[in-house]
Every structure is written in C-alpha cells, then in structure tokens.
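Atoms considered below: every heavy atom in the structure, side chains included; atoms not considered: hydrogens, waters and symmetry mates. All figures in this text were calculated on a predicted structure; none of them were measured in a lab. Residue numbers begin at 1 in each chain, while the letters A, B, ... track the order of the sequences.
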Protein chains: 2
Amino acid sequence: MTEATRRERLRAETEREIRQAARALLVESGRDAVTLRAIARKLGITAPALYRYYDSHDALLRQLCDDICADMATALHTDLAAETSGQVGCKVRAVCHAFRRWALVHPQEFALVFASPRDPLGADQFGSVFLQLAGPLIASNQTADHAEEEVPAVLHEDLVRFQQVLRDAVAEHGVTLADEVLNLGKIYHVVQSWVRLYGHVALEVFGRFPFAVSNPEPMFDSMLDQMLTDIGFEEDSAVR
Amino acid sequence: MTEATRRERLRAETEREIRQAARALLVESGRDAVTLRAIARKLGITAPALYRYYDSHDALLRQLCDDICADMATALHTDLAAETSGQVGCKVRAVCHAFRRWALVHPQEFALVFASPRDPLGADQFGSVFLQLAGPLIASNQTADHAEEEVPAVLHEDLVRFQQVLRDAVAEHGVTLADEVLNLGKIYHVVQSWVRLYGHVALEVFGRFPFAVSNPEPMFDSMLDQMLTDIGFEEDSAVR
DNA sequence: GTTTTTGGTGAACGGTGTTTACAAGAGTTC
DNA sequence: GAACTCTTGTAAACACCGTTCACCAAAAAC
C-alpha cells in the first residue's frame with residue numbers, strides 16, 4: 001500500500017513537523033509568533049528551506065487554518081459520539097457545548113479561523129465541517145415542523161441554495177431527505193442558531209460582553225435552551 | 001480659555017497626525033501595516049521620535065482602539081439622532097443598522113476592536129459606548145414587561161450587577177429608573193440581543209456564514225424583527 | 001544669559017519575509 | 001560504477017520591523 005519513496009516519506013515527515021511547530025507557536029504565543037524563522041529554529045533548519053514546502057508565509061498560515069479546522073472537526077465529532085442518548089436535542093446541545101469548549105481552550109486558533117477579515121475566496125474547510133456536523137443532526141430531527149411562511153420571501157433564494165447544499169451533504173452519508181424535514185423554516189432557524197452560537201462564543205472568547213460575566217456557562221446554557229426551543233427541540237431539551 | 005503653550009499646541013497637533021496616520025494605515029492595509037516606521041514616514045519624521053508620544057507600538061495600538069471606539073460612537077449617535085420618530089423600537093433598529101453599517105464599512109477597525117484576543121484588563125472604551133447608547137434606549141422603553149421568573153437563577157448575580165451599571169449610566173443623563181422598567185428579564189434580553197446583533201455582524205464581516213449569502217441585509221432585518229419582538233417592541237417594529 | 005526640558009536625529013541590535021546562488025546528497029540512467 | 005538530474009538544504013543579502021542609545025538643536029524656564 002505505502003508506495004511512498006523514501007524521499008517522499010521524509011518530505012511528508014518534515015511537512016508534518018512544520019505544521020506541528022507552527023501550531024505550537026500559535027498556541028503558545030499568538031498569531032504574530034508564527035514566524036518562518038521561529039518554525040525553522042524549532043526544526044533545526046534555516047528559514048529559506050521552508051520555501052521548499054510553502055510558497056510564502058501566507059500560504060503556511062492558510063494551511064494552518066485548514067489544520068485547525070480539521071482538528072476542531074475531530075474534537076467536535078468525538079464529543080458528539082460521546083453523547084449516546086438517541087435524543088437529537090441532546091446531540092445538538094453536545095455539539096454546541098463542544099464548540100464553546102474548543103473555542104475557550106483554543107482562543108488563538110478560534111481568532112485565526114473565525115475572526116480574521118477573510119481571504120477573498122474564503123474557500124477553506126469550515127463550511128464542510130459545519131455541514132458534516134449539522135447535516136446529520138438536522139436530518140435526524142424528523143419531528144419539528146416550521147411554518148415556511150414566517151421566512152421572509154427575500155431570503156428564499158439563499159435558503160433554497162443552502163437547503164440543496166445540506167441535502168448534498170447528508171446524501172453523502174447515504175440519507176435522502178424529504179422536503180418536509182428540510183423545509184425553509186427549519187433552514188432559517190439553523191442559520192439563526194449559528195448566529196447565536198457563534199455570537200455568544202466569540203463574545204466570550206474576546207471578552208466583549210458589555211459587562212463582566214463572572215460565569216458565562218449558565219448564560220450559554222440558557223441561550224441554548226432558548227435556541228433549541230426556537231428550533232423545535234423543546235420536548236427533550238429540559239432533560240440534561 | 002486656550003491656556004495652551006505654543007509647545008503644547010504643536011505636541012497635540014503631532015499626536016493628532018500620528019493617530020490619523022495610524023488609522024489610515026489600518027484602513028488601507030490592515031493591522032499588520034500599522035507600523036511605527038510607516039507612521040513616521042507619513043509624518044516625515046523618524047521612527048524613534050514616536051517614542052516621545054507613545055511608550056511602545058502596543059500602546060499606540062491601544063490608543064488606536066480607543067480612537068476607533070470614539071469614532072464608532074459618534075457614528076452611531078449620529079444615525080440615532082437621524083431617527084426622529086418617537087418610537088423606541090425604531091431607534092433601536094436604527095442603532096443596530098448603524099452598527100452593522102459601520103462594521104461593514106470598517107472591517108479592519110471592527111476586527112481590531114471586536115475580535116482580538118483581549119488585553120488582560122480589557123479596560124477600553126467599548127463598555128461605555130455600549131452603555132451610552134443602550135442605556136437611554138432601555139430607559140425610554142417603559143412599556144414592555146418581562147417575566148423575571150424566566151431568567152435562570154444562576155444569572156441573577158451578574159445581571160443585577162449589570163442592572164446597576166445600566167442604572168448608573170442612565171443616571172448620568174439625569175434619569176432615574178424604576179425597578180419595573182429595568183427588571184432582570186429585560187436586562188437578560190438586552191444581553192441576548194447583543195449576542196445576536198454581534199453574531200450576525202461578525203459573521204458577515206468575517207464571511208463565516210456556512211453558505212454564501214447573496215444579500216445579507218434582509219437576513220439582518222429579519223433577525224432584528226425577531227429580536228425586537230423578543231425584547232418587547234413588536235408593536236412598532238412592523239413599521240419601518 | 002544660563003540652564004533645563006522637549007522633540008527630534010542617526011546608528012545600532014536583533015528580529016522578520018523573501019530572493020538568490022550554491023552545495024551536497026538521493027535517485028535515475030546508461 | 002560513472003554521469004546526470006532532481007531535491008533539499010545552506011549562507012548571504014535586501015529591505016523591513018520594534019526598540020534603545022547617544023547626541024543635538026531649539027524652545028522654555030529661570
């Protein structure tokens with residue numbers, strides 16, 4: 001299976017070390033410390049050697065973003081798998097808690113991936129991470145029904161496109177969704193939930209609540225309760 | 001009145017130019033371009049001269065943050081003053097729209113002030129800007145009543161503290177608030193509204209919606225409708 | 001008129017991204 | 001095995017960065 005040349009193996013190993021060093025620098029000392037020369041020092045090589053692996057400092061940072069997204073995805077999937085109750089609401093709650101926990105433990109990574117003025121194309125891994133997590137959860141929530149009429153007509157076009165993206169994401173897992181499971185009302189609530197989830201987590205990580213919150217977790221829980229109720233999980237959200 | 005020495009006037013003028021140059025660099029080329037040498041070049045002086053005005057590059061960036069907060073505050077107050085209808089809901093809507101507009105026009109400033117892993121003390125101008133805007137608006141909303149029982153008990157302590165901060169902020173404008181106008185339920189909704197407002201704006205500025213939103217403004221309006229309904233402004237929120 | 005304070009300079013140190021020319025080793029070809 | 005190419009590293013250099021230091025001229029204070 002491993003048709004890798006000796007050279008290819010060495011190259012892959014070096015590349016792994018580069019990413020690892022870059023990540024360590026980001027975590028320990030922030031974005032500005034992720035410097036080509038610092039990475040090279042950690043590997044015991046010189047800075048220009050890194051140009052054999054990445055076109056520029058910027059390209060290396062982009063790679064770092066993707067690595068972070070991938071690691072975050074595995075962290076969230078792990079926490080989701082640990083939630084063994086069959087109740088969808090509990091699973092959603094578990095993923096949201098996992099996201100908050102990850103962001104608080106990895107503030108530098110969170111800032112880099114979720115709060116940098118975006119690369120023009122913005123084509124990174126975040127979108128697929130979101131879909132892989134949210135897709136199956138939405139798909140398994142057969143019960144809730146949302147009035148499609150509440151959704152403003154101007155949003156229909158965008159939401160229909162997102163609906164199709166979600167459908168494709170779920171289809172890759174071999175599930176086909178009926179229209180009523182994925183109507184526009186529900187899609188809209190998913191987006192609104194993301195706004196609130198992201199809003200709370202970012203405010204907490206960046207310390208931007210308008211007053212000092214001594215213990216933000218209950219506030220997060222309370223927001224989740226409201227969010228799950230709005231999205232149609234109230235039946236099992238009380239149990240936790 | 002102007003007891004300023006000739007030297008003091010010159011110094012103030014130079015300091016003004018420094019801030020102006022720093023701001024221009026931030027806007028034109030991002031945070032990393034705000035460099036002491038670049039600022040000095042714009043002023044036609046040398047970099048070490050800037051140390052006569054600021055202790056370090058970091059201190060200058062902090063000053064920049066405060067300037068940004070101040071400018072944002074005047075922008076928001078201006079847009080609020082332009083909303084002449086007496087309806088509180090319309091004023092809240094105007095401020096929220098102003099915040100979104102400001103963030104979209106000033107993405108670099110927004111990122112610097114609202115999405116940087118915080119300085120330990122985080123003692124900057126944002127808090128007072130928030131209070132000066134939100135305080136009077138909340139005070140003038142005498143109608144809505146929120147059940148205090150809905151607020152989780154664990155949050156009471158923090159919310160009571162925020163309540164006092166709000167009361168003090170409004171008191172500086174010569175208004176004293178009755179307890180029923182500023183009960184914990186309303187305070188809680190204010191915080192939740194900030195979560196949603198910030199969440200949407202940050203997601204839009206950073207391009208972090210999980211799919212491409214062709215025209216985010218209607219989505220923002222829709223969120224505002226929901227938000228104003230939740231907070232108790234539904235009666236006049238339909239009119240806009 | 002002398003002294004002190006202020007706001008500037010230029011040189012220097014160690015740090016950064018990036019380019020270039022060059023060398024040594026691995027892999028390939030004859 | 002010799003010759004050749006490709007890969008991966010180096011060292012030197014360039015221009016930029018924050019910061020410190022010694023110095024200096026002009027303004028202010030006395």
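- By the neighbour-count criterion of 12 heavy atoms within 6.0 Å, atom CG of B/Asp32 is densely surrounded, having more than that number from other residues, nucleotides or ligands.
- Crowding of A/Glu157 atom CD: a count of heavy atoms from other residues, nucleotides or ligands under 6.0 Å not exceeding 12.
- To the nearest angstrom, C1' of D/dG18 lies 12 Å from CD1 of B/Ile39.
- Within residues 16-31 of chain B, no residue is approached by DNA chain D to less than 4.0 Å at the level of any non-hydrogen atom.
- A/Asp221 and A/His97 share a donor-acceptor pair across their side chains, judged by distance under 3.5 Å alone.
- With a heavy-atom cut-off of 4.0 Å to chain B, the contacted part of DNA chain C has its first and last nucleotide at C/dT5 to C/dA12.
- Side chains of B/Ser56 and B/Tyr51: a donor-acceptor N/O pair is absent below 3.5 angstrom, by distance only.
- We find that CG of B/Asp55 is positioned 12 Å from C1' of D/dT19, with the value rounded to whole Å.
- Between B/Leu25 and B/Lys42, some side-chain heavy-atom pair lies under the 4.5 Å cut-off.
- B/His200 has its ring centre less than 6.0 Å from the ring centre of B/Phe209.
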Pair up each side-chain donor or acceptor in residues 75-82 of chain B with any protein partner under 3.5 Å, not counting sequence neighbours, and list the distances.
| unit_1 | atom_1 | unit_2 | atom_2 | d |
| --- | --- | --- | --- | --- |
| B/His77 | ND1 | B/Ala73 | O | 3.0 |
| B/Thr78 | OG1 | B/Thr74 | O | 2.7 |
| B/Asp79 | OD2 | B/Arg101 | NH1 | 2.5 |

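- Applying the side chain to side chain donor-acceptor pair (under 3.5 Å) test to every pair with at least one member in residues 190-199 of chain B, sequence neighbours left out, gives these pairs: B/Arg196-B/Asp230.
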Worksheet entry | side-chain contact (heavy atoms from CB on, under 4.5 Å) evaluation trace for B/Val191 with A/Phe211 | CA-CA 9 Å; B/Val191 177; A/Phe211 64 106; 3.6 Å; yes

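- Put simply, B/Thr35 has a side-chain N or O that comes within less than 4.0 Å of OP1 or OP2 on D/dG18.
- Applying the side-chain hydrogen bond (donor to acceptor under 3.5 Å, both in side chains) rule to A/Arg52 yields no partners; only residues at least two apart in sequence or on another chain are considered.
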Once base and sugar-phosphate atoms are separated, protein heavy atoms under 4.0 Å mark nucleotides 6-13 of chain D, 5' to 3', with B, S and - as BSBBBBBB

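- If you take NE2 of B/His57 and P of D/dT20, they are 14 Å apart, rounded to a whole angstrom.
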| request: Quick one: do B/Tyr54 and B/Arg19 satisfy side-chain contact (heavy atoms from CB on, under 4.5 Å)? Show the steps, please. | output: CA-CA 11 Å; B/Tyr54 295 96; B/Arg19 296 174 178 204; 3.6 Å; yes

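- In this structure, B/Asp32 places its CG atom 14 Å from C1' of D/dG18, rounding to the nearest Å.
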